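Right, one structure below, let's go through it.
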Amino acid sequence: QVQLVESGGGLVQAGGSLRLSCAVSGRTSGNYAMGWFRQAPGKEREFLGAITWLGGNTYDSDSVKGRFTISRDRTKNTVYLQMNSLKPEDTAVYYCAAKWGSGTTKPREYIYWGQGTQVTVSS
């Protein structure tokens with residue numbers, strides 16, 4: 001069992017930056033991947049990227065590549081999503097999720113989900 005808690009969301013002006021955190025608890029050892037997703041009202045959940053917990057291998061989405069970066073700190077049991085050059089269209093609820101094995105873009109393959117954190121980008 002893995003528990004995930006996101007934090008770091010809020011209101012930011014366009015062009016600004018935010019760093020989201022996802023605290024991982026429970027079974028923190030093992031070969032699993034952490035993914036970041038977002039969902040805006042009326043839209044499907046969108047894959048942003050993933051990172052493997054043990055090896056730190058990252059999988060980036062082309063839609064945010066160059067602006068968003070995923071990292072993890074195993075000593076703090078935390079995964080991060082650094083978001084730069086934010087745009088109003090980045091406004092959404094951001095979720096972290098976990099699955100066993102390698103990362104994937106498909107939300108339905110992730111087993112554990114956090115409650116989400118709201119990010120609002122003003123123009």
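The figures here come from the full heavy-atom set of this structure, side chains too, leaving out hydrogens, waters and symmetry mates. As the structure is a computational prediction, the values presented were derived from the model and not from experiment.
- Of all the heavy atoms in Ser123 and Ala14, the pair that sits closest is CA-CB, 4.3 Å.
- Taking every heavy atom of both residues into account, Ala92 and Ala40 meet most closely at CB-N, 3.8 Å.
- Put simply, CZ on Arg72 and OG1 on Thr78 are 12.0 Å apart, with the number rounded to the nearest 0.5 Å.
- You'll find the side chain of Gln115 reaches within 4.5 Å of the side chain of Glu6, heavy atoms only.
- The minimum heavy-atom distance linking Leu54 with Gly30 is given by the pair CG-O, 3.4 Å.
- Gln82 and Ser17 make their closest contact through NE2-CB, 4.0 Å (heavy atoms, listed as atom of the first residue, atom of the second, distance).
- A donor-acceptor contact shorter than 3.5 Å links the side chain of Thr91 to the backbone of Val121.
- Among Leu20, Ile70, Asp73, the single residue meeting the side chain to side chain contact (heavy atoms under 4.5 Å, CB included) criterion with Tyr80 is Asp73.
- A distance of 12.5 Å separates CZ in Arg67 from CG in Asp60, rounded to the nearest 0.5 Å.
- Within 6.0 Å of NZ on Lys65 lie more than 12 heavy atoms contributed by other residues, nucleotides or ligands.
- Side-chain contact check for Met34 versus Val24: some heavy-atom pair is nearer than 4.5 Å.
- Grouping the Ile, Leu, Val, Met, Phe, Trp and Tyr side chains by contacts below 4.5 angstrom, directly or via other members, places Trp113 with Phe47.
- Using a 4.5 Å cut-off on side-chain heavy atoms (C-beta onward), Thr120 and Gln118 make contact.
- Atom-to-atom distance recorded for Asn57:CG and Thr52:OG1 is 4.0 Å, nearest 0.5 angstrom.
- Looking at heavy atoms from C-beta onward, Trp100 lies in side-chain contact with Tyr112 at the 4.5 angstrom threshold.
- Rounding to the nearest 0.5 angstrom, the gap separating the CD atom in Glu109 from the OG1 atom in Thr104 is 4.0 Å.
- Side-chain heavy atoms closer than 4.5 Å link hydrophobic residues (I, L, V, M, F, W, Y) into clusters, and following such links, even through other members, never connects Val93 to Leu48.
- Salt bridge Asp90/Lys87: absent, no basic N to carboxylate O contact under 4.0 Å.
- Under the rule for a ring pair (Phe, Tyr, Trp, His ring centres under 6.0 Å), the partners of Tyr110 that lie at least two apart in sequence or sit in another chain are Phe37.
- Under a cut-off of 6.0 angstrom, the local environment of CD in Glu89 is crowded, with over 12 non-hydrogen atoms contributed by other residues, nucleotides or ligands.
- Residue Val79 comes nearest to Trp53 through the heavy atom pair CG2-CZ3, 3.5 Å, listed as atom of the first residue, atom of the second, then distance.
- Ser61 places none of its side-chain heavy atoms less than 4.5 Å from the side chain of Phe68.
- Among residues at least two apart or in separate chains, salt bridge (Lys or Arg N to Asp or Glu O under 4.0 Å) pairs with a member in residues 39-53 are Arg38-Glu46.
- Met83 approaches Val119 most closely through the heavy-atom pair CE-CG2, 3.9 Å.
- Between Arg27 and Gln1, every side-chain heavy-atom pair lies at or beyond the 4.5 Å cut-off.
- In this structure, Tyr32 OH and Ile51 CD1 are separated by 11.5 Å, a value rounded to the nearest 0.5 Å.
- With contacts defined as side-chain heavy-atom distances shorter than 4.5 Å, the pair Tyr95/Leu4 does not qualify.
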